[in-house]
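Notes to accompany the following structure.
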Amino acid sequence: MTQRPPDRFFDAPADDVAPRLLGATLVSRMGGRVTRGRIVEVEAYLGQSDPASHAYRGRRHRGNESLYGPPGTWYVYLSYGMHWCANLVCGPAGSGGAVLLRAVEPTGGLATMAERRAGRAREEWCNGPGKLCAALGITRELDGSRVMASAVRLDLSTARDGPRAQGPRVGITKAREWPLRFWLEGTPWRSRA
DNA sequence: GCGCCGATTGGCT
DNA sequence: GCCAATCGGCGCC
């Protein structure tokens, strides 16, 4: 059974929501198959005021319409023309803030994930934003839907107050040094970068 | 209209 | 460690 986040959970700014998502479980029904992953690494993007955010250049950048949807909306975009990346829109509404999912620990539907990530070691299934979307079957079809009414839901009952760490974001050129990347301390499942 | 670059990944030097 | 793959937005001609 999936435990809903409190109604206003995503109304807070992305840098406040991001650490609270650590440990929560994603339950995906994409492609008609159930897969699960526990969130171990995320990054906050602050919206219009953040030079690295897709909201920084305004509303029509990179097909980012859903970034301006209500908090709790999925924003899924195509990176480098081949990999999907999944974000959850945060508050305040209309700010363009969001949390990027960077790595999850595979916890369910392992046979399906193994198929989708054929030939790769289990540690490589979900340890990157594009990789976890591939393993969970996430594509643009999810973009714009509300998280708790969508094919990929969130179970906060596994979130914990365990040791968390925080550091610079990766893979970007602007505002790279802002300490908006969060992960579960000691997890072997986080991304390489 | 054209060329460049990105919140990435995987294969090869 | 380096680099190609691949595509849409943006800047500039």
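Please read these numbers as outputs of a predicted model, since none were measured by experiment. Lettering follows sequence order; numbering is per chain, from 1.
Applying the salt bridge (Lys or Arg N to Asp or Glu O under 4.0 Å) criterion to A:Glu124, with sequence neighbours excluded, gives A:Lys131, A:Arg192. With sequence neighbours excluded, the residues satisfying side-chain contact (heavy atoms from CB on, under 4.5 Å) with A:Pro70 are A:Thr73, A:Arg146. Legend: residues meeting side-chain contact (heavy atoms from CB on, under 4.5 Å) with A:Tyr56, ordered by chain and number and at least two apart, are A:Pro51. Taking A:Tyr77 as the reference, A:His54, A:Tyr75 meet the ring-ring contact (aromatic ring centres under 6.0 Å, His included) condition, with sequence neighbours excluded. Legend: residues meeting side-chain contact (heavy atoms from CB on, under 4.5 Å) with A:Arg164, ordered by chain and number and at least two apart, are A:Pro19, A:Leu22, A:Asp161, A:Leu184.
Sorted by first and then second residue, the pairs that involve residues 6-18 of chain A and meet side chain to side chain donor-acceptor pair (under 3.5 Å), not counting sequence neighbours, are A:Arg8-A:Asp11, A:Asp16-A:Arg20.
Through direct or indirect side-chain contacts shorter than 4.5 Å among Ile, Leu, Val, Met, Phe, Trp and Tyr, A:Leu46 is connected to A:Trp178, A:Leu180. Summarising the hydrophobic clusters (Ile, Leu, Val, Met, Phe, Trp, Tyr; side-chain heavy atoms under 4.5 Å, direct or chained), the residues clustered with A:Val27 are A:Val34.
Remark: P of B:dA7 and NZ of A:Lys131 are 18 Å apart, rounded to the nearest angstrom. Atom CH2 in A:Trp125 sits roughly 17 Å away from atom P in B:dT9 (whole-Å rounding). When the P atom of B:dG10 is taken as reference, atom CG of A:Leu132 falls 12 Å away, rounded to whole Å. When the P atom of B:dA7 is taken as reference, atom OH of A:Tyr45 falls 7 Å away, rounded to whole Å. As rounded to whole Å, 16 Å separates atom P of B:dT8 from atom CD1 of A:Ile138.
Using a 4.0 Å cut-off between charged nitrogen and carboxylate oxygen, A:Arg38 and A:Asp155 do not count as a salt-bridge pair. A salt bridge links A:Arg33 to A:Glu115: at least one charged side-chain nitrogen sits closer than 4.0 Å to a carboxylate oxygen.
Cation-pi check for A:Arg117 over A:Trp125 is not met; the charged atom does not lie both under 6.0 angstrom from the ring centroid and within 45 degrees of its normal.
The stretch residues 80-117 of chain A comes close to DNA chain C through A:Tyr80, A:Gly81, A:Met82, each having a heavy atom under 4.0 Å from the strand. Of the residues in residues 165-177 of chain A, those placing a heavy atom less than 4.0 Å from an atom of DNA chain B are A:Gly171, A:Ile172, A:Thr173, in numerical order.
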Checklist entry - What string of B, S and - do you get for nucleotides 8-13 of chain C, 5' to 3', if B is base contact, S is sugar-phosphate-only contact and - is no contact with any protein heavy atom under 4.0 Å? => result -SSS--

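Side-chain contact annotation: A:Arg153 with A:Thr25, donor-acceptor N/O pair under 3.5 Å absent.
Remark: the separation of the C1' atoms in C:dG8 and B:dG10 is 22 Å, to the nearest Å.
Counting heavy atoms from C-beta outward, A:Leu154 and A:Leu21 have side chains that approach closer than 4.5 Å.
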Checklist entry - Where each pair must be Watson-Crick or G-U wobble with both distances under 3.5 Å, what dot-bracket representation of DNA chain B is obtained, with crossing pairs in [ ] and other-strand partners as |? => result ||||||.|||||.

